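Below is one structure; the comments refer to it alone.
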Amino acid sequence: MLKKLSWITLIAVYLLILVGGIVRSTGSGMGCPDWPKCFGQWIPPTSVAQLPDDYKDIYSLKRQDKNVKLAGYMEKLGFKDLAFELRHDEAILQEADFNAIKTWIEYINRLIGVLIGFLILATFISSLKYWKSDKKLVLTAFSVLVLVVIQAWIGSVVVSTNLLPWTITVHMLLAMVIVALLILVVHWSGRRAYNNWQNLKWTRLLLITGMVCMVVQIVLGTQIREMVDIVMNELGRSRRGEWIDALGLNFIIHRSFSIAILLVHVALIYYLFKGRPGNLKEVGLPQLLLVAVIITIASGAIMGHFGIPAFAQPIHLLFAVLTFGLQFMLWLQLRKARQIEQI
(Lines give C-alpha, C1' and ligand atoms only; values in the text may rest on other atoms or scores of the structure.)
Protein backbone atom coordinates (compact mmCIF):
# COMPACT_ATOMS: atom_id res chain seq x y z
CA MET A 1 0.00 0.00 0.00
CA LEU A 2 2.73 2.47 1.02
CA LYS A 3 4.81 1.75 -2.05
CA LYS A 4 1.88 2.41 -4.43
CA LEU A 5 0.85 5.52 -2.52
CA SER A 6 4.39 6.92 -2.49
CA TRP A 7 4.69 6.26 -6.25
CA ILE A 8 1.40 8.10 -6.88
CA THR A 9 2.61 10.99 -4.72
CA LEU A 10 5.95 11.14 -6.53
CA ILE A 11 4.22 11.23 -9.94
CA ALA A 12 1.86 13.93 -8.65
CA VAL A 13 4.85 16.04 -7.55
CA TYR A 14 6.29 15.79 -11.06
CA LEU A 15 2.89 16.83 -12.44
CA LEU A 16 3.03 19.88 -10.17
CA ILE A 17 6.52 20.70 -11.44
CA LEU A 18 5.16 20.54 -15.01
CA VAL A 19 2.22 22.80 -14.13
CA GLY A 20 4.61 25.13 -12.31
CA GLY A 21 6.63 25.35 -15.52
CA ILE A 22 3.46 26.26 -17.42
CA VAL A 23 2.75 28.95 -14.82
CA ARG A 24 6.21 30.44 -15.40
CA SER A 25 6.17 30.14 -19.19
CA THR A 26 2.78 31.83 -19.47
CA GLY A 27 3.65 34.56 -16.99
CA SER A 28 0.86 33.47 -14.65
CA GLY A 29 2.85 33.54 -11.43
CA MET A 30 1.03 36.63 -10.23
CA GLY A 31 -2.34 35.53 -11.60
CA CYS A 32 -3.46 35.43 -7.97
CA PRO A 33 -2.02 38.40 -6.05
CA ASP A 34 -2.68 36.90 -2.62
CA TRP A 35 -2.25 33.54 -0.90
CA PRO A 36 -3.81 31.08 -0.05
CA LYS A 37 -6.96 32.68 -1.48
CA CYS A 38 -7.09 34.17 -4.97
CA PHE A 39 -8.34 37.77 -5.02
CA GLY A 40 -9.68 37.11 -1.55
CA GLN A 41 -11.85 34.23 -2.80
CA TRP A 42 -11.62 30.44 -2.64
CA ILE A 43 -13.04 30.34 -6.19
CA PRO A 44 -11.31 33.06 -8.21
CA PRO A 45 -13.15 35.57 -10.42
CA THR A 46 -13.56 35.06 -14.15
CA SER A 47 -13.97 38.74 -15.04
CA VAL A 48 -12.45 42.02 -13.88
CA ALA A 49 -16.02 43.23 -13.37
CA GLN A 50 -16.14 40.96 -10.31
CA LEU A 51 -13.36 42.97 -8.67
CA PRO A 52 -13.45 46.43 -7.08
CA ASP A 53 -12.14 49.32 -9.17
CA ASP A 54 -9.17 49.81 -6.86
CA TYR A 55 -8.20 46.11 -6.63
CA LYS A 56 -4.59 46.87 -7.61
CA ASP A 57 -4.16 49.28 -4.70
CA ILE A 58 -5.84 46.85 -2.29
CA TYR A 59 -3.53 43.91 -3.04
CA SER A 60 -0.45 46.09 -3.37
CA LEU A 61 -1.03 47.38 0.18
CA LYS A 62 -1.62 43.86 1.47
CA ARG A 63 1.64 42.76 -0.10
CA GLN A 64 3.44 45.73 1.41
CA ASP A 65 2.21 44.86 4.91
CA LYS A 66 3.29 41.23 4.51
CA ASN A 67 6.71 42.22 3.14
CA VAL A 68 7.36 44.56 6.08
CA LYS A 69 6.92 41.57 8.41
CA LEU A 70 9.05 39.37 6.16
CA ALA A 71 11.78 42.05 6.06
CA GLY A 72 11.82 42.02 9.86
CA TYR A 73 12.43 38.26 9.88
CA MET A 74 15.17 38.58 7.25
CA GLU A 75 16.88 41.33 9.23
CA LYS A 76 16.91 39.22 12.39
CA LEU A 77 18.52 36.41 10.39
CA GLY A 78 21.26 38.77 9.20
CA PHE A 79 20.00 39.38 5.63
CA LYS A 80 20.02 43.18 5.92
CA ASP A 81 20.37 43.90 2.19
CA LEU A 82 17.43 41.64 1.41
CA ALA A 83 15.37 43.27 4.15
CA PHE A 84 16.15 46.68 2.68
CA GLU A 85 15.09 45.49 -0.77
CA LEU A 86 11.81 44.12 0.55
CA ARG A 87 11.03 47.43 2.18
CA HIS A 88 12.06 49.77 -0.62
CA ASP A 89 11.85 47.99 -4.01
CA GLU A 90 8.76 49.54 -5.61
CA ALA A 91 8.73 46.90 -8.37
CA ILE A 92 7.69 44.32 -5.78
CA LEU A 93 4.47 46.26 -5.18
CA GLN A 94 3.49 46.60 -8.84
CA GLU A 95 0.17 44.87 -9.44
CA ALA A 96 -0.52 43.15 -12.75
CA ASP A 97 -3.69 43.70 -14.74
CA PHE A 98 -6.33 41.05 -14.15
CA ASN A 99 -6.17 38.22 -16.69
CA ALA A 100 -8.72 35.43 -16.22
CA ILE A 101 -6.62 32.81 -18.03
CA LYS A 102 -3.50 33.52 -15.98
CA THR A 103 -5.54 33.62 -12.78
CA TRP A 104 -7.00 30.17 -13.41
CA ILE A 105 -3.65 28.69 -14.49
CA GLU A 106 -2.18 29.80 -11.17
CA TYR A 107 -5.28 28.63 -9.30
CA ILE A 108 -5.09 25.14 -10.86
CA ASN A 109 -1.43 25.06 -9.86
CA ARG A 110 -2.49 25.73 -6.27
CA LEU A 111 -5.25 23.11 -6.35
CA ILE A 112 -2.77 20.45 -7.48
CA GLY A 113 -0.46 21.61 -4.69
CA VAL A 114 -3.25 21.07 -2.14
CA LEU A 115 -3.94 17.61 -3.57
CA ILE A 116 -0.27 16.72 -3.22
CA GLY A 117 -0.35 17.95 0.35
CA PHE A 118 -3.12 15.45 1.14
CA LEU A 119 -1.24 12.68 -0.70
CA ILE A 120 1.91 13.36 1.32
CA LEU A 121 -0.11 13.36 4.54
CA ALA A 122 -1.62 10.02 3.53
CA THR A 123 1.86 8.70 2.71
CA PHE A 124 3.09 9.65 6.17
CA ILE A 125 0.08 8.08 7.90
CA SER A 126 0.55 4.91 5.83
CA SER A 127 4.23 4.78 6.84
CA LEU A 128 3.46 4.71 10.58
CA LYS A 129 2.93 0.95 10.55
CA TYR A 130 6.68 0.62 9.79
CA TRP A 131 7.70 2.50 12.94
CA LYS A 132 8.95 -0.59 14.80
CA SER A 133 10.66 -2.21 11.82
CA ASP A 134 12.02 0.80 9.89
CA LYS A 135 12.09 4.13 11.73
CA LYS A 136 14.13 5.84 9.01
CA LEU A 137 11.28 5.25 6.55
CA VAL A 138 8.73 6.90 8.86
CA LEU A 139 11.05 9.81 9.66
CA THR A 140 11.70 10.36 5.95
CA ALA A 141 7.97 10.43 5.20
CA PHE A 142 7.51 12.88 8.09
CA SER A 143 10.35 15.06 6.70
CA VAL A 144 8.53 15.25 3.37
CA LEU A 145 5.39 16.40 5.16
CA VAL A 146 7.30 19.13 7.02
CA LEU A 147 9.10 20.29 3.86
CA VAL A 148 5.82 20.52 1.94
CA VAL A 149 4.48 22.87 4.62
CA ILE A 150 7.67 24.95 4.29
CA GLN A 151 7.33 24.83 0.51
CA ALA A 152 3.78 26.18 0.78
CA TRP A 153 5.05 29.04 2.94
CA ILE A 154 7.82 29.81 0.44
CA GLY A 155 5.13 29.80 -2.26
CA SER A 156 3.32 32.53 -0.34
CA VAL A 157 6.60 34.47 -0.12
CA VAL A 158 7.06 34.11 -3.90
CA VAL A 159 3.64 35.73 -4.41
CA SER A 160 4.17 38.33 -1.70
CA THR A 161 7.49 39.48 -3.18
CA ASN A 162 6.15 39.55 -6.75
CA LEU A 163 8.36 36.66 -7.91
CA LEU A 164 11.53 37.97 -6.27
CA PRO A 165 14.34 36.02 -8.03
CA TRP A 166 15.98 34.22 -5.07
CA THR A 167 12.63 32.92 -3.83
CA ILE A 168 12.06 31.09 -7.13
CA THR A 169 15.47 29.36 -6.91
CA VAL A 170 14.84 28.29 -3.29
CA HIS A 171 11.37 27.06 -4.30
CA MET A 172 12.91 24.91 -7.05
CA LEU A 173 15.70 23.47 -4.90
CA LEU A 174 13.26 22.54 -2.15
CA ALA A 175 11.08 20.77 -4.72
CA MET A 176 14.12 18.67 -5.68
CA VAL A 177 14.76 17.76 -2.04
CA ILE A 178 11.11 16.66 -1.73
CA VAL A 179 11.49 14.54 -4.87
CA ALA A 180 14.63 12.88 -3.46
CA LEU A 181 12.97 12.11 -0.12
CA LEU A 182 9.89 10.64 -1.83
CA ILE A 183 12.17 8.44 -3.92
CA LEU A 184 13.74 7.23 -0.66
CA VAL A 185 10.26 6.34 0.65
CA VAL A 186 9.53 4.45 -2.58
CA HIS A 187 12.90 2.70 -2.37
CA TRP A 188 12.60 1.66 1.28
CA SER A 189 8.93 0.70 1.18
CA GLY A 190 9.48 -2.20 -1.22
CA ARG A 191 11.98 -5.00 -1.52
CA ARG A 192 13.21 -5.95 -4.96
CA ALA A 193 16.09 -7.65 -6.73
CA TYR A 194 18.94 -5.43 -7.89
CA ASN A 195 20.83 -5.65 -11.15
CA ASN A 196 24.35 -6.96 -11.09
CA TRP A 197 25.80 -3.69 -12.34
CA GLN A 198 29.30 -3.64 -13.79
CA ASN A 199 32.30 -1.45 -12.81
CA LEU A 200 30.65 -0.10 -9.65
CA LYS A 201 33.56 2.18 -8.70
CA TRP A 202 33.54 4.07 -12.00
CA THR A 203 29.76 4.11 -12.39
CA ARG A 204 29.22 5.51 -8.89
CA LEU A 205 31.81 8.22 -9.51
CA LEU A 206 30.29 9.16 -12.86
CA LEU A 207 26.77 9.14 -11.45
CA ILE A 208 27.66 11.38 -8.49
CA THR A 209 29.43 13.72 -10.92
CA GLY A 210 26.32 13.76 -13.09
CA MET A 211 24.06 14.48 -10.10
CA VAL A 212 26.20 17.41 -8.93
CA CYS A 213 26.35 18.78 -12.47
CA MET A 214 22.58 18.47 -12.83
CA VAL A 215 21.89 20.36 -9.61
CA VAL A 216 24.26 23.13 -10.70
CA GLN A 217 22.65 23.17 -14.14
CA ILE A 218 19.14 23.48 -12.69
CA VAL A 219 20.23 26.35 -10.44
CA LEU A 220 21.81 28.08 -13.45
CA GLY A 221 18.58 27.45 -15.36
CA THR A 222 16.41 29.10 -12.70
CA GLN A 223 18.72 32.12 -12.68
CA ILE A 224 18.57 32.38 -16.47
CA ARG A 225 14.78 32.14 -16.28
CA GLU A 226 14.85 35.09 -13.90
CA MET A 227 17.02 36.99 -16.39
CA VAL A 228 14.51 36.18 -19.15
CA ASP A 229 11.83 38.03 -17.17
CA ILE A 230 14.07 41.09 -17.01
CA VAL A 231 14.96 40.91 -20.71
CA MET A 232 11.30 40.39 -21.63
CA ASN A 233 10.31 43.52 -19.73
CA GLU A 234 13.08 45.52 -21.40
CA LEU A 235 12.62 44.30 -24.98
CA GLY A 236 8.96 43.26 -25.00
CA ARG A 237 7.38 40.05 -26.30
CA SER A 238 7.47 41.30 -29.89
CA ARG A 239 11.29 41.02 -29.85
CA ARG A 240 11.33 37.47 -28.48
CA GLY A 241 13.97 36.48 -31.04
CA GLU A 242 16.45 38.84 -29.38
CA TRP A 243 16.00 37.51 -25.84
CA ILE A 244 18.70 34.83 -26.04
CA ASP A 245 21.38 37.25 -27.30
CA ALA A 246 20.56 39.59 -24.42
CA LEU A 247 21.16 36.88 -21.79
CA GLY A 248 24.91 37.03 -22.28
CA LEU A 249 27.56 34.83 -20.66
CA ASN A 250 25.28 33.00 -18.20
CA PHE A 251 23.29 31.44 -21.02
CA ILE A 252 26.47 30.43 -22.88
CA ILE A 253 27.76 28.67 -19.72
CA HIS A 254 24.39 26.95 -19.20
CA ARG A 255 24.29 25.79 -22.82
CA SER A 256 27.91 24.57 -22.86
CA PHE A 257 27.54 22.78 -19.53
CA SER A 258 24.84 20.57 -21.06
CA ILE A 259 27.45 19.01 -23.36
CA ALA A 260 29.51 17.96 -20.34
CA ILE A 261 26.40 16.45 -18.72
CA LEU A 262 25.63 14.44 -21.87
CA LEU A 263 29.21 13.11 -22.06
CA VAL A 264 29.14 12.08 -18.39
CA HIS A 265 25.95 10.08 -18.94
CA VAL A 266 27.19 8.46 -22.13
CA ALA A 267 30.29 7.36 -20.20
CA LEU A 268 28.03 6.12 -17.38
CA ILE A 269 26.05 3.94 -19.80
CA TYR A 270 29.29 2.63 -21.29
CA TYR A 271 30.71 1.52 -17.93
CA LEU A 272 27.40 0.10 -16.69
CA PHE A 273 27.06 -2.21 -19.67
CA LYS A 274 30.71 -2.76 -20.50
CA GLY A 275 31.15 -6.46 -21.14
CA ARG A 276 27.40 -7.12 -21.55
CA PRO A 277 26.20 -4.86 -24.40
CA GLY A 278 23.19 -7.10 -25.06
CA ASN A 279 21.54 -5.78 -21.90
CA LEU A 280 21.29 -2.33 -23.49
CA LYS A 281 18.19 -3.56 -25.32
CA GLU A 282 16.35 -4.00 -22.02
CA VAL A 283 14.68 -0.79 -20.92
CA GLY A 284 15.83 0.13 -17.42
CA LEU A 285 16.90 3.07 -15.29
CA PRO A 286 20.16 3.84 -17.19
CA GLN A 287 18.38 3.95 -20.55
CA LEU A 288 15.53 6.08 -19.18
CA LEU A 289 18.10 8.40 -17.61
CA LEU A 290 19.92 8.87 -20.90
CA VAL A 291 16.62 9.57 -22.70
CA ALA A 292 15.69 12.15 -20.04
CA VAL A 293 19.07 13.87 -20.47
CA ILE A 294 18.66 13.97 -24.26
CA ILE A 295 15.12 15.41 -24.04
CA THR A 296 16.31 18.01 -21.52
CA ILE A 297 19.10 19.10 -23.86
CA ALA A 298 16.88 18.97 -26.96
CA SER A 299 14.16 21.12 -25.35
CA GLY A 300 16.88 23.55 -24.22
CA ALA A 301 18.21 23.69 -27.78
CA ILE A 302 14.70 24.46 -29.06
CA MET A 303 14.48 27.32 -26.56
CA GLY A 304 17.88 28.63 -27.61
CA HIS A 305 17.25 28.54 -31.35
CA PHE A 306 13.58 29.50 -31.54
CA GLY A 307 13.26 32.42 -29.15
CA ILE A 308 12.25 30.51 -25.99
CA PRO A 309 8.83 29.22 -27.14
CA ALA A 310 6.43 28.88 -24.23
CA PHE A 311 5.67 25.18 -24.85
CA ALA A 312 9.35 24.18 -24.50
CA GLN A 313 9.93 25.74 -21.07
CA PRO A 314 7.76 23.36 -18.99
CA ILE A 315 9.14 20.34 -20.88
CA HIS A 316 12.69 21.51 -20.25
CA LEU A 317 12.04 21.98 -16.53
CA LEU A 318 10.15 18.70 -16.11
CA PHE A 319 12.82 16.56 -17.75
CA ALA A 320 15.64 18.34 -15.94
CA VAL A 321 14.09 17.45 -12.57
CA LEU A 322 13.14 13.99 -13.89
CA THR A 323 16.81 13.47 -14.80
CA PHE A 324 17.77 14.29 -11.21
CA GLY A 325 15.15 11.86 -9.89
CA LEU A 326 16.32 9.04 -12.15
CA GLN A 327 19.93 9.74 -11.16
CA PHE A 328 19.00 9.41 -7.50
CA MET A 329 17.06 6.18 -8.11
CA LEU A 330 20.03 4.70 -9.95
CA TRP A 331 22.40 5.84 -7.19
CA LEU A 332 20.28 3.97 -4.63
CA GLN A 333 20.43 0.84 -6.76
CA LEU A 334 24.21 1.13 -7.23
CA ARG A 335 24.61 1.65 -3.48
CA LYS A 336 22.61 -1.49 -2.77
CA ALA A 337 24.56 -3.43 -5.39
CA ARG A 338 27.82 -2.39 -3.74
CA GLN A 339 26.54 -3.54 -0.33
CA ILE A 340 25.60 -6.92 -1.81
CA GLU A 341 29.02 -7.17 -3.50
CA GLN A 342 30.80 -6.60 -0.18
CA ILE A 343 28.87 -9.35 1.63
Side-chain angles (χ1 to χ4, degrees), residues 7 10-11 13-15 17-18 21 172-173 175-180 182-184 186-187 190 192-222 224 251 253-306 311-338 340-341:
W7 264 115
L10 178 61
I11 293 169
V13 169
Y14 273 111
L15 174 62
I17 290 171
L18 175 63
M172 184 71 257
L173 287 174
M176 292 173 64
V177 173
I178 290 171
V179 163
L182 278 172
I183 289 172
L184 275 176
V186 169
H187 181 74
R192 52 167 295 177
Y194 290 88
N195 289 293
N196 183 23
W197 301 113
Q198 304 296 303
N199 306 291
L200 288 179
K201 179 180 178 180
W202 277 105
T203 52
R204 281 166 56 85
L205 178 62
L206 285 167
L207 184 56
I208 291 171
T209 301
M211 290 175 69
V212 172
C213 289
M214 203 64 212
V215 172
V216 172
Q217 185 75 323
I218 289 173
V219 171
L220 285 173
T222 59
I224 288 171
F251 176 77
I253 293 173
H254 182 65
R255 180 181 62 190
S256 302
F257 203 43
S258 64
I259 299 173
I261 290 174
L262 178 61
L263 292 177
V264 166
H265 285 85
V266 169
L268 173 65
I269 294 292
Y270 170 76
Y271 278 103
L272 276 174
F273 294 100
K274 185 179 179 182
R276 51 174 196 166
N279 288 13
L280 273 169
K281 296 178 181 179
E282 301 176 9
V283 178
L285 272 180
Q287 293 90 332
L288 290 175
L289 174 57
L290 185 59
V291 169
V293 169
I294 292 171
I295 293 177
T296 302
I297 294 173
S299 56
I302 290 172
M303 292 169 65
H305 289 90
F306 297 96
F311 80 88
Q313 295 177 54
I315 295 173
H316 188 60
L317 174 63
L318 174 64
F319 277 91
V321 183
L322 181 61
T323 295
F324 170 76
L326 291 170
Q327 287 173 329
F328 191 58
M329 286 181 183
L330 183 57
W331 180 80
L332 289 171
Q333 288 206 8
L334 291 176
R335 182 170 173 268
K336 184 65 177 180
R338 185 183 183 188
I340 293 173
E341 189 180 67

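These figures come from a predicted structure and were not determined experimentally.
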Worksheet item: If only atom types and distance count, is the side chain of H316 paired as donor or acceptor with the main-chain N or O of A312 below 3.5 Å?
Response: no
Fill in: From L289 atom CG to L330 atom CG, the distance as rounded to the nearest 0.5 Å
6.5 Å
Discussion item. For the CG atom of L207 and the CZ atom of R335, what is their distance to the nearest 0.5 Å?
Written reply: 13.0 Å
Item to complete: Hey, could you give me the CD1/CD1 distance between I294 and I261, rounded to the nearest 0.5 Å?
Response: 13.0 Å
Item to complete: Check step by step if side-chain contact (heavy atoms from CB on, under 4.5 Å) holds for L272 and L334.
Response: CA-CA 10 Å; L272 276 174; L334 291 176; 4.0 Å; yes
Item to complete: Write down the atom of Y14, the atom of V179, and the distance for their closest heavy-atom approach.
Response: OH-CG1, 3.4 Å
Item to complete: Pick out which of L262, L268, L263 makes a side-chain contact (heavy atoms from CB on, under 4.5 Å) with V266.
Response: L262
Worksheet item: How many angstroms lie between atom CZ of F319 and atom CD1 of I295, to the nearest 0.5 angstrom?
Response: 4.0 Å
Practice prompt. Please report the closest heavy-atom contact between I297 and S258, naming both atoms and the distance.
Written response: CD1-O, 3.5 Å
Worksheet item: If you take all heavy atoms of L317 and I17, which pair is closest and at what distance?
Response: CD2-O, 3.8 Å
Worksheet item: Sub-3.5 Å donor-acceptor pair from the side chain of S299 to the main-chain atoms of T296, do we have one?
Response: yes
Worksheet item: Which pair of non-hydrogen atoms, one from T222 and one from V219, has the smallest distance, and what is that distance?
Response: OG1-O, 2.7 Å
Worksheet entry | Nearest non-hydrogen partners of I269 and Q287, listed with the distance | CD1-N, 4.2 Å
Fill in: Verdict with supporting geometry, M329 and H187, side-chain contact (heavy atoms from CB on, under 4.5 Å)
CA-CA 8 Å; M329 286 181 183; H187 181 74; over 6 Å; no
Fill in: Minimum-distance pair of heavy atoms, taken over all atoms of Q217 and H254
NE2-O, 2.8 Å
Discussion item. Is it the case that the side chain of T203 and the backbone of Y271 share a donor-acceptor pair, with hydrogens and angles ignored and the cut-off at 3.5 Å?
Written reply: no
Fill in: Distance in Å, I302 CD1 paired with I315 CD1, rounded so as to fall on 0.5 Å steps
7.5 Å
Fill in: Pair I178-L182, side-chain contact (heavy atoms from CB on, under 4.5 Å): steps then yes or no
CA-CA 6 Å; I178 290 171; L182 278 172; 4.1 Å; yes
Worksheet item: Just how far is it from atom NE2 of H265 to atom CE of M214, taken to the nearest 0.5 Å?
Response: 7.5 Å
